[in-house]
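Take a look at the structure below.
Every chain is numbered from 1 and lettered A, B, ... according to where its sequence line falls, protein lines coming before strand lines. For clarity, every value in this text was computed on a predicted model and none was experimentally measured.
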Number of protein chains: 2
Amino acid sequence: MLSNACKYAIRAILYLAIHSDETTKIGVKKIAEELETPQPFLAKLLRQLTSNKLVSSTKGPGGGFFLDKNNKEKSIWDVICCIDGTHKFEKCFLGLSKCSDKNPCPVHSTVSPFKKKILNEFRDKTISKLVEEIEVEGTVISLKGFDLK
Amino acid sequence: MLSNACKYAIRAILYLAIHSDETTKIGVKKIAEELETPQPFLAKLLRQLTSNKLVSSTKGPGGGFFLDKNNKEKSIWDVICCIDGTHKFEKCFLGLSKCSDKNPCPVHSTVSPFKKKILNEFRDKTISKLVEEIEVEGTVISLKGFDLK
DNA sequence: AATAAAAAAGATCGTTTTATCTTTTTTGTG
DNA sequence: CACAAAAAAGATAAAACGATCTTTTTTATT
């Protein structure tokens, strides 16, 4: 579905959304430990997210990564686009270039409604809204523990 | 979503479902041309499908690949399991090992209903049923033309 | 100013995925 | 039987992905 890189990135942003703000910055080391992700790889991803304005950072002692107000208005979809590219949920499930609503591939009717709805939800829901929901519903689970593949 | 290999495999099986039977066998060369897929790679995939009883074949002159009655009772899901493995639609969207209906991750409620539905449709619908539907609905489009990624 | 903490940048390495090429085996046909 | 057509099998190569390591830059603190 998503690449490992993208999963790490989303989890890191959610972690930052919950635990950081302008005055509480968090270093890669801490984030990687909390999420149980490979540290140098996560560092690279955070740089990519930072240079795309999805995450903020400051250097030097006491520095680290955090989400500012703007960052929190971004969506999961923005993260997916940044790491995996825009194509992820837009292309035909079988990879057929000619496939469309008018010209559907054999699995189009099965897959298409699903893709559209998920795409919308991921595009419309901001990170802050998402975290708010999680907190209201009390469904905050550990972002730790990862299955490769 | 799916690997290229898996997309090739599904397309090849659909192609065979439409164009082949016990008396009309088709060689890799022809299939690869029709689907515009890399020929040796597709050959390897067909071998994998054949050894897993999802496709039939005969060697020698006049030989080739085809679907017999049993093969047509298999599902898209069987193909996905054969090529990409069973985990594809079963794991948490964010890769979290602790995620479940009782213990949902932040995107679980968005993603889970669709995963379940797609999984069921892919598991329950046989290849022959699928092709039948396509023909009734008249939505037979070219399986040619592929977007990498 | 010196030091140390932290991110930024970039070079490198290994694995998996994708793809190709060559050889062997099977089998129908003249 | 000899030949050719086709799949089966396996070795190899290239690209993408996942991950690590080293060096540089920035900056707060002493």
Between protein and nucleic acid, restricted to nucleotides 1-3 of chain D and to nitrogen or oxygen atoms under 3.5 Å apart, what atom pairs and distances do you find?
none

Measure all distances between protein nitrogen or oxygen atoms and nitrogen or oxygen atoms of nucleotides 7-13 of chain C, and list the pairs falling under 3.5 Å.
from: C:dA7; atom 1: OP1; to: A:V28; atom 2: N; distance (Å): 3.2
from: C:dA7; atom 1: O3'; to: A:S57; atom 2: OG; distance (Å): 3.3
from: C:dA8; atom 1: OP1; to: A:S57; atom 2: OG; distance (Å): 2.8
from: C:dA9; atom 1: N7; to: A:R47; atom 2: NH1; distance (Å): 2.6
from: C:dA9; atom 1: N7; to: A:R47; atom 2: NH2; distance (Å): 3.3

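Here ring pair (Phe, Tyr, Trp, His ring centres under 6.0 Å) pairs that include residues 18-53 of chain B, with residues two or more places apart or in two chains, are B:Y8-B:F41, B:Y15-B:H19. Applying the salt bridge (charged side-chain N to carboxylate O under 4.0 Å, His left out) test to pairs two or more places apart or on separate chains, those with a residue in residues 105-131 of chain B are B:D101-B:K116, B:K125-B:E133, B:K129-B:E133.
When the nucleotides C:dT27, D:dA28, D:dG18 are ranked by their closest atom to the side chain of B:P61, C:dT27 comes out on top. Closest contact between the side chain of B:A5 and the listed nucleotides D:dA19, C:dT18, C:dA5 involves C:dT18.
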Residues 21-28 of chain A side chain polar contacts: donor-acceptor under 3.5 Å, at least two apart:
from: A:D21; atom 1: OD1; to: A:T23; atom 2: N; distance (Å): 2.8
from: A:D21; atom 1: OD1; to: A:T23; atom 2: OG1; distance (Å): 2.9
from: A:D21; atom 1: OD1; to: A:T24; atom 2: N; distance (Å): 3.0
from: A:D21; atom 1: OD1; to: A:T24; atom 2: OG1; distance (Å): 3.3

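Put simply, OG on B:S56 and CG on B:L49 are 11.0 Å apart, with the number rounded to the nearest 0.5 Å.
For B:L45 and D:dG10, the CG to C1' distance is 16 Å, given to the nearest whole Å. Per the geometry, CZ belonging to A:F66 stands 13 Å off C1' belonging to C:dA6, to the nearest Å. Rounded to an integer number of Å, the gap from CD1 of B:I83 to P of C:dT18 is 11 Å. Between B:F41 atom CZ and D:dA15 atom P there is a gap of 15 Å when expressed in whole angstrom units. Rounded to an integer number of Å, the gap from NZ of A:K25 to P of D:dT27 is 11 Å. Across the protein-nucleic acid pair, A:L2 atom CG and D:dG18 atom C1' stand 15 Å apart, rounded to whole Å. Look at CG on A:N4: it is 12 Å from P on C:dT16, rounded to the nearest Å. Atoms CD (B:Q39) and P (C:dC21) sit 10 Å apart, rounded to a whole Å.
The aromatic rings of B:F122 and A:F93 lie tilted to each other, with the angle between the two planes from 30° to 60°.
Of all heavy-atom pairs between B:I13 and B:L67, the closest is O-CD1, 3.7 Å.
Among B:Q48, B:K7, B:K88, the single residue meeting the side chain to side chain contact (heavy atoms under 4.5 Å, CB included) criterion with B:I83 is B:Q48.
Side-chain N/O atoms of A:Y8 include one lying less than 4.0 angstrom from OP1 or OP2 on D:dA19.
Grouping the Ile, Leu, Val, Met, Phe, Trp and Tyr side chains by contacts below 4.5 angstrom, directly or via other members, places A:F66 apart from A:L45.
A:F114 is linked by a ring pair (Phe, Tyr, Trp, His ring centres under 6.0 Å) to B:F114, counting only residues two or more places apart in sequence or in another chain.
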